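Structure record follows, encoded as C-alpha cells.
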Amino acid sequence: MFENFIEDLCKNENLIDVARLGKASQSSLSKWSKEDDAQRAVSGNIYEDYAFHTDKEKNAWWQVSFESEISPYYIIISNRRNEVFIERAAAITISCISEDNEVVVIHQGLLYFGSPPLRIPLILPLEGRIKVKKILISTDNAKPEYLHLNQVNVLCKKALMIDNPDATIFFSNRIDGFGMRLSGIMAAMIYAHRYEGRFLFSWFNRNNETYNNYHITNDVESVFSDDFIGSHVVDKSYIDKLKLLNAHNYNKQSDNATIDGYICGYENRNDFIKSKSQYNFREAFDSIGFSQKLLRIKRIAESVNIRKKSVAIHIRTGDIVYDKYRLFHSFHYKATPAHVIIPLIIKYKNEGYDVILFGQEAELCTYLSEKYSIVYSKKYSESVFDSTELAFFDITLMSRVSLIISAGSAFSKVASLIGDSEVIEYNKVLSDKDIIDGFYDFQKNEDFLREKVLSDLYISFTYINFFRKYKDKLTTSVKLAIIDKCILLEPDNYLNKLIRSIVLLNTDSFAAANKSILKMIESPRSGEFLKSFIQKKESLPPVDYVFKEHIKDFVQLAEQGYPSVAIILLMHENYSKSSIDLSFYHLIVEKARTAGYEGVELLESELQIAKTTIKNF
C-alpha cells in the first residue's frame with residue numbers, strides 16, 4: 001500500500017532525503033545491535049525488522065547530527081516491522097535542535113505507527129520552517145525500555161540543501177572509466193565537506209562502441225538515484241566553460257571571486273585528503289545516492305564473509321590488452337601479465353592468506369580458482385549482473401579486503417581508498433627473479449596453455465610486456481623468439497614488427513632489417529601506423545612515452561648509418577621539435593652511401609621536408 005511512499009513524495013514535491021548525510025549515534029548498544037548500529041537508520045536501506053536497537057534503559061535515545069543546519073520539509077520515522085514490538089515506540093519524543101542548541105519538540109505522546117510498505121510511518125510535516133542541526137528521538141516511558149526503529153528519513157527541498165548559495169563549488173568532470181569517475185566524485189564530496197562547499201559532477205557517455213566495451217559508463221540514471229542526480233549532476237558542457245583551479249590548490253584565503261570553483265580528479269586521491277579530513281572516502285562512498293539496483297548489489301558485497309587475512313589479486317586486462325592501446329604498447333603498467341599470476345597465488349597461499357581473484361578473465365579465474373583452491377569473486381555475485389553491476393560489486397567487495405595486489409588498476413586503487421586498505425603493485429612484492437622465473441615457467445606450462453583459458457592477445461601481451469621490462473637482460477635469440485611469438489599471435493600489430501627489425505639491426509641481418517623498415521615507411525597501412533606512433537594526436541592513445549623508450553636505440557642505430565631508423569627519428573623530431581640539428585642527418589647520409597645501404601634517397605627526401613618546415617640549428 002505504501003511501497004513507494006517516500007520516493008513518490010520526493011518526486012512530487014521536489015524533495016531529497018538528506019538523512020544519510022548526517023552522523024547518527026545512540027544512548028547504548030544491546031546484544032541485538034549490529035555493526036554501525038545507529039547509522040543504519042539513515043543509510044537509505046530498509047531492513048527486514050529493525051535498523052538499530054538500544055539496551056533497555058530509561059530515556060533511551062537515538063539522534064542524527066548534520067554538519068550544518070538544514071530546513072526539513074518532512075521527518076518520517078518507520079517503526080520496527082515485527083508488529084509484536086511496535087508498541088514500544090508508541091510513546092516517544094522527537095526534538096529538533098538548532099545550531100544555537102535551541103530545542104523544538106515536534107512530537108510527544110502516544111501514537112501508534114508502522115513501517116512501509118504495509119503500514120503508514122510517522123510523518124512530521126515541517127514545511128522548512130525551522131532550522132535543524134540535530135534530530136533527537138527518545139523514549140517517553142517511566143520505566144526502562146528499548147528503543148528500536150527501522151528507518152529515519154529527513155526530506156528537504158533540493159534548492160534548500162545548501163544554506164549558503166555562495167559556497168565554493170567542487171566539480172568532478174571525468175570522462176574515463178567507472179572507477180576513475182567514482183574517485184573524482186568522492187574527491188569532490190570530501191573537499192566540499194571539508195570546506196563547507198557544494199559538489200557537482202558530470203556523467204558524460206562517449207558515443208563510441210569500442211571505448212564503451214572496456215569502460216563501464218552506463219547511463220547516469222542506472223547508476224544514481226533521481227534525488228542524487230537532481231542535486232549534483234550538471235552537463236559536461238557547462239563545466240567545460242567554467243574557470244576552475246585544481247582542488248588541491250584550494251586555500252580559504254584565496255580570491256574565489258576570480259574563479260568559478262575547483263576541479264577534482266585522479267590527482268586528488270591522495271593522503272592529503274585522507275589525513276586532513278574526518279570525512280573520508282568510505283563515508284563519501286556510503287553517502288553517494290546510488291540507484292536501488294546498485295544499493296542492492298552493495299548490500300550483497302558487504303554481506304560476504306571475508307576472513308581478515310585475505311588478499312585480492314586483480315587481473316586487469318581490458319582495453320590495454322584488447323583495444324587500440326595494444327597496437328602502441330600503451331599503458332602496459334595498468335594490465336596484469338599472465339606470468340605473474342601463479343607466483344602471486346603461490347606466495348600468498350604459502351603465507352596463509354585467503355586469496356580472492358578479481359577480473360574480467362572469467363575462464364582464467366575459474367581455472368585458477370579450481371586448480372589452486374582459491375576463490376573467484378564471481379562466486380559471491382549473481383549471474384544476472386550486467387557489466388556495471390559486476391564492476392560495482394567487485395569494487396565494493398575488494399574494498400573489504402585488507403591487501404590488494406594489482407598492476408595499478410583504477411578499480412584496485414578506488415577499492416583501497418574506500419576500504420582504507422593497502423594496494424601494492426605486483427612488481428613490489430615479486431622480485432625480478434620471481435617474475436623472470438614465472439615467465440619461463442609460464443612458457444613451459446603446457447597444462448595451463450592447453451586449457452585455452454588465455455586468449456591469443458593476452459598471451460601476446462604477456463610476452464611483449466616481459467620483453468619491454470627485461471629486454472636489456474635478454475640475448476638476441478631470446479628477444480627474437482619472444483617477438484616472433486607475438487607476431488604469430490598478433491599479426492596486425494606493426495609495432496612488434498618494427499621492434500623485431502630494430503633487434504635485427506644489431507645482428508648480421510642488418511641489411512634485411514633496414515630494408516624491412518623502409519617497406520613499412522613506404523607502405524600505406526604500416527606507414528600510417530608509424531605516423532601515429534611518431535606523432536602524438538588527441539584521437540590516438542598517448543604513445544609518446546612508448547616511442548621514447550626506443551629513442552636511445554634509434555639514435556645509436558642511426559649513428560651507424562641506417563637510413564630507415566634515421567628517417568623515423570627525423571620524422572619524430574620534425575613533429576615534436578621547433579629546431580633540429582640537420583648536420584647529424586647529413587652525416588648519416590654520407591655513412592649510408594659509403595656502406596651502400598638502401599634508403600638514402602628516401603632519407604634525403606625527408607631532409608628536404610624538414611628544411612622547409614622547421615627552423616634549423
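The figures that follow rest on heavy atoms only: side chains count, while hydrogens, waters and symmetry mates do not. All values reported here derive from a predicted model rather than from experimental measurement.
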Between A24 and A38, the two heavy atoms sitting closest are CB-O, 3.4 Å
So which heavy atom on L489 is nearest to which on S460, and how close? CD1-N, 3.8 Å
Over 12 foreign heavy atoms within 6.0 Å of [atom1], [X]:
| X | atom1 | result |
| --- | --- | --- |
| K23 | NZ | no |
| K379 | NZ | no |
| K298 | NZ | yes |

I'd like to know if [X] pairs up with [Y] as an ion pair, taking the criterion as any Lys NZ or Arg NE/NH1/NH2 lying under 4.0 Å from an Asp or Glu carboxylate oxygen.
| X | Y | result |
| --- | --- | --- |
| E490 | R326 | yes |
| D36 | R40 | no |
| D354 | R307 | yes |

Flag side-chain contact, heavy atom, 4.5 Å: [X] against [Y]:
| X | Y | result |
| --- | --- | --- |
| M189 | S287 | yes |
| L530 | Y494 | no |
| I239 | L244 | yes |
| T336 | F461 | no |

Check for me whether [X] meets the cation-pi criterion with [Y], that is, NZ or CZ under 6.0 Å from the six-membered ring centre and within 45 degrees of the ring axis.
| X | Y | value |
| --- | --- | --- |
| K309 | Y353 | yes |
| K378 | Y376 | no |
| R198 | F170 | no |

Side chain of D37, backbone of K34: donor and acceptor closer than 3.5 Å?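 The answer is yes, because a donor-acceptor pair under 3.5 Å joins these two groups.
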Can you name the side chain to side chain contact (heavy atoms under 4.5 Å, CB included) partners of S377, sequence neighbours left out?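 So S377 forms a side chain to side chain contact (heavy atoms under 4.5 Å, CB included) with I356, F358, D394, L397.
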By salt bridge (charged side-chain N to carboxylate O under 4.0 Å, His left out), K347 pairs with (sequence neighbours left out) E351
Parallel, tilted or perpendicular: which describes the rings of Y470 and F466, with under 30° parallel and over 60° perpendicular? tilted
Between F199 and F228, how do the two ring planes meet: parallel, tilted or perpendicular, split at 30° and 60°?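 Rings of F199 and F228: tilted, 30 to 60°.
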